[in-house]
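To start, the structure under review is shown below, and the notes come after it.
Chain letters run A, B, ... following the sequence lines, proteins first and then strands; every chain starts at 1.
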Number of protein chains: 2
Amino acid sequence: MDVRLRRKKPAGKSTRIQEVNRRIILDAALEVFSTYGFRGSTIDQIADRAGMSKPNLLYYFKRKQDIYVSVLEDTLADWLQPLADMDPLGDPVTELQRYIARKLAMSAARPEASRLFANEILQGAPAIQKFLRTTLKDLVDEKAAVLRRWMTDGRIAAVDPHHLIFMIWAMTQHYADFETQVRAIIGSEADSTAFRQTAGQAITTLLLDGLKRR
Amino acid sequence: MDVRLRRKKPAGKSTRIQEVNRRIILDAALEVFSTYGFRGSTIDQIADRAGMSKPNLLYYFKRKQDIYVSVLEDTLADWLQPLADMDPLGDPVTELQRYIARKLAMSAARPEASRLFANEILQGAPAIQKFLRTTLKDLVDEKAAVLRRWMTDGRIAAVDPHHLIFMIWAMTQHYADFETQVRAIIGSEADSTAFRQTAGQAITTLLLDGLKRR
DNA sequence: GTCCTGTTTTACCGCTTGGTCAACAATTGA
DNA sequence: TCAATTGTTGACCAAGCGGTAAAACAGGAC
């Protein structure tokens, strides 16, 4: 089981019904896989949520792994876009603010996607190991170099750039991955846009200005 | 399935063999559950890792849930200790540094414990829902009040204290929960103590001093 | 109508899973 | 020493699992 790094092209023709049902299945699969992980999810669960019988689902995806890999491929590229878009020529603080804001927006808009990766990585990333070691590593190394240049140029404070990227990931994805915990502590208010704004402000303030009084 | 909030006392007498084998089982179960979550783990896996037959394991814990709940109970209390120990009368910056350092040390020393919670919460926290809404919420609210007092007293910058706590959790636990990803990007060096020190410095610097040049 | 293609369902298979049971082995205590 | 207790195991079961086969169904082209 392994994801292809590029979005697979349908190659052959596909009917309208195929497109619709594939979409329905992938949506249902995302919800299930993002909650229980690959091993903890069952085809029946996905079929139920997709509103179709198990054999019918298996008519569109021959095996459980195929669904899983498709869901992962479907979201991987999108997920890295904000980091890829960080502009080496832009103003460092503006770029970082923008990056954080976009990551936070994605976590809020598609928390299941975040949880899907979290589950995959927790389980040792069997399906995306290669992706992590190549595409992701290359992108992160490239952006870390950009950050380092900003630091040696004295435009932002010196912190290990890899760790900085990890920290931004950790903070922005926390509200998606640990939503249950956040909601248990904060209450229903955790859904409000006000809460999300406060979270964004807190992250930005902490990362950019720090806690110490100046 | 639900954890009891206090450590259960053995009540009846228990033999030496019982104590030893329970410990072996719980250690094996922690490794398995922390990787695959409750639903993704099997009793056979745990029995294999514990080096005993499945019926023998079930002699000590009647059901899969019982093992799971026991493992959770075993680690929950320890996990919150650092936050509980944060001293309202201490120096804010010192206390925060200490808290971060202890959390980071725990994540490094027992990453499986961190991943166990991550998995449980990702799956909607079916076993510790009550714990999150009572014990954890109370503790967090209490410490958030302490942080808020420090802020209104002008001893640290003003950031929403709940979010601050979430951010510290996110950052310190990231290296345990996403170890696979970190290792894929950093390489084997990720195990080194040097790497861990750099991580600690980065977190502390970011949280306390921020990124902007002063 | 009837053929063809694509879609859906019913029935099923073999394997894994959580869990039981009864028999057997080891330990303990008098 | 020997019986009672505690610990261990192989055989087994019912339910759940991923997956298959084949028949039934739908709809358009002729």
Side-chain angles (χ1 to χ4, degrees), chain A residues 1-2 10-72 119-120 123 126-127, chain B residues 1-2 10-72 119-120 123 126-127:
Chain A
M1 169 165 55
D2 221 337
K13 71 263 167 170
S14 67
T15 64
R16 178 167 199 78
I17 296 182
Q18 271 170 22
E19 273 170 41
V20 170
N21 280 351
R22 279 216 155 85
R23 184 73 271 140
I24 291 174
I25 292 170
L26 290 176
D27 288 346
L30 175 59
E31 288 191 57
V32 175
F33 282 136
S34 68
T35 306
Y36 299 108
F38 178 73
R39 293 187 36 167
S41 304
T42 71
I43 300 181
D44 286 283
Q45 273 180 296
I46 300 170
D48 275 1
R49 203 173 279 247
M52 67 181 69
S53 66
K54 180 169 65 173
N56 196 17
L57 184 150
L58 285 166
Y59 170 74
Y60 293 101
F61 294 88
K62 291 241 169 292
R63 1 209 82 197
K64 187 185 174 186
Q65 293 185 358
D66 295 346
I67 318 174
Y68 187 64
V69 169
S70 282
V71 175
L72 276 174
N119 253 312
E120 166 69 10
Q123 306 194 7
Chain B
M1 171 166 52
D2 222 337
K13 69 264 169 165
S14 67
T15 64
R16 180 161 209 87
I17 297 182
Q18 272 171 22
E19 273 170 40
V20 170
N21 279 350
R22 281 214 154 87
R23 185 73 270 142
I24 291 175
I25 292 170
L26 289 176
D27 288 347
L30 175 60
E31 288 191 56
V32 176
F33 282 136
S34 67
T35 305
Y36 300 108
F38 178 72
R39 293 186 37 165
S41 304
T42 70
I43 300 181
D44 287 282
Q45 273 181 297
I46 300 170
D48 274 1
R49 203 172 280 248
M52 66 180 71
S53 66
K54 181 169 65 172
N56 196 16
L57 184 149
L58 286 166
Y59 170 75
Y60 293 100
F61 295 88
K62 290 240 170 293
R63 0 209 83 196
K64 187 185 175 185
Q65 293 186 359
D66 296 345
I67 317 174
Y68 186 64
V69 169
S70 282
V71 175
L72 276 174
N119 253 312
E120 165 70 10
Q123 305 194 6

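- Within the structure, salt bridge (Lys or Arg N to Asp or Glu O under 4.0 Å) contacts touching residues 27-38 of chain A (residues at least two apart or in different chains) are A:Arg23-A:Asp27, A:Glu31-A:Arg49.
- Within the model, atoms OH of B:Tyr59 and CD1 of B:Ile25 stand 11.0 Å from one another, a figure rounded to the nearest 0.5 Å.
- In this structure, B:Tyr60 places its OH atom 13 Å from C1' of D:dT9, rounding to the nearest Å.
- A close approach under 4.0 Å does occur between a side-chain nitrogen or oxygen of B:Gln18 and OP1 or OP2 of D:dG7.
- When the side-chain nitrogen and oxygen atoms of B:Ser53 are compared with OP1 and OP2 of D:dT9, one or more of them lie within a distance under 4.0 Å.
- Taking the six-membered ring where the residue is Trp, A:Tyr68 and A:Phe33 present perpendicular rings, their angle passing 60° and hence far from 30°.
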Output a table of nitrogen or oxygen pairs between the protein and nucleotides 14-19 of chain C separated by less than 3.5 Å.
{"from": "C:dG18", "atom 1": "OP1", "to": "B:Ser41", "atom 2": "O", "distance (Å)": "3.3"}
{"from": "C:dG18", "atom 1": "OP1", "to": "B:Lys64", "atom 2": "NZ", "distance (Å)": "3.2"}
{"from": "C:dG18", "atom 1": "OP2", "to": "B:Ile43", "atom 2": "N", "distance (Å)": "2.9"}
{"from": "C:dG18", "atom 1": "N7", "to": "B:Lys54", "atom 2": "NZ", "distance (Å)": "2.9"}
{"from": "C:dG19", "atom 1": "OP2", "to": "B:Lys64", "atom 2": "N", "distance (Å)": "2.8"}
{"from": "C:dG19", "atom 1": "O6", "to": "B:Lys54", "atom 2": "NZ", "distance (Å)": "3.4"}

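- Dashed line: the shortest gap from a side-chain N or O of B:Asn56 to OP1 or OP2 of D:dG7 is not under 4.0 Å.
- For the pair A:Arg22 CZ and C:dG6 C1', the computed distance is 13 Å after rounding to whole Å.
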(request) Start with the C-alpha distance between B:Leu26 and B:Leu30, add both sets of side-chain angles, then the distance that settles side chain to side chain contact (heavy atoms under 4.5 Å, CB included), and finish with yes or no. (result) CA-CA 6 Å; B:Leu26 289 176; B:Leu30 175 60; over 6 Å; no
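- Put simply, CD1 on A:Ile46 is 11 Å from C1' on D:dG18, counting in whole angstrom units.
- Computed from coordinates, the B:Asp48 CG to D:dT9 P distance equals 12 Å when rounded to whole Å.
- B:Leu57 has its CG atom 17 Å from the C1' atom of D:dT6, to the nearest Å.
- Between B:Ile17 atom CD1 and C:dT28 atom C1' there is a gap of 10 Å when expressed in whole angstrom units.
- Rounded to whole Å, the distance from CD on A:Glu19 to P on C:dG6 is 15 Å.
- Residues B:Asn119 and A:Asn119 are in side-chain contact: their nearest non-hydrogen atoms beyond the backbone lie under 4.5 Å apart.
- Two residues are said to be in side-chain contact when any heavy atoms from C-beta on lie closer than 4.5 Å; B:Ile46 and B:Lys64 fail this criterion.
- Dashed line: the shortest gap from a side-chain N or O of B:Tyr59 to OP1 or OP2 of D:dG7 is under 4.0 Å.
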(request) Verify side chain to side chain contact (heavy atoms under 4.5 Å, CB included) between B:Ile17 and B:Tyr60, making sure each step is shown before the conclusion. (result) CA-CA 11 Å; B:Ile17 297 182; B:Tyr60 293 100; 3.6 Å; yes
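- The side chain of B:Asn21 contributes an N or O atom lying less than 4.0 Å from OP1 or OP2 of D:dT8.
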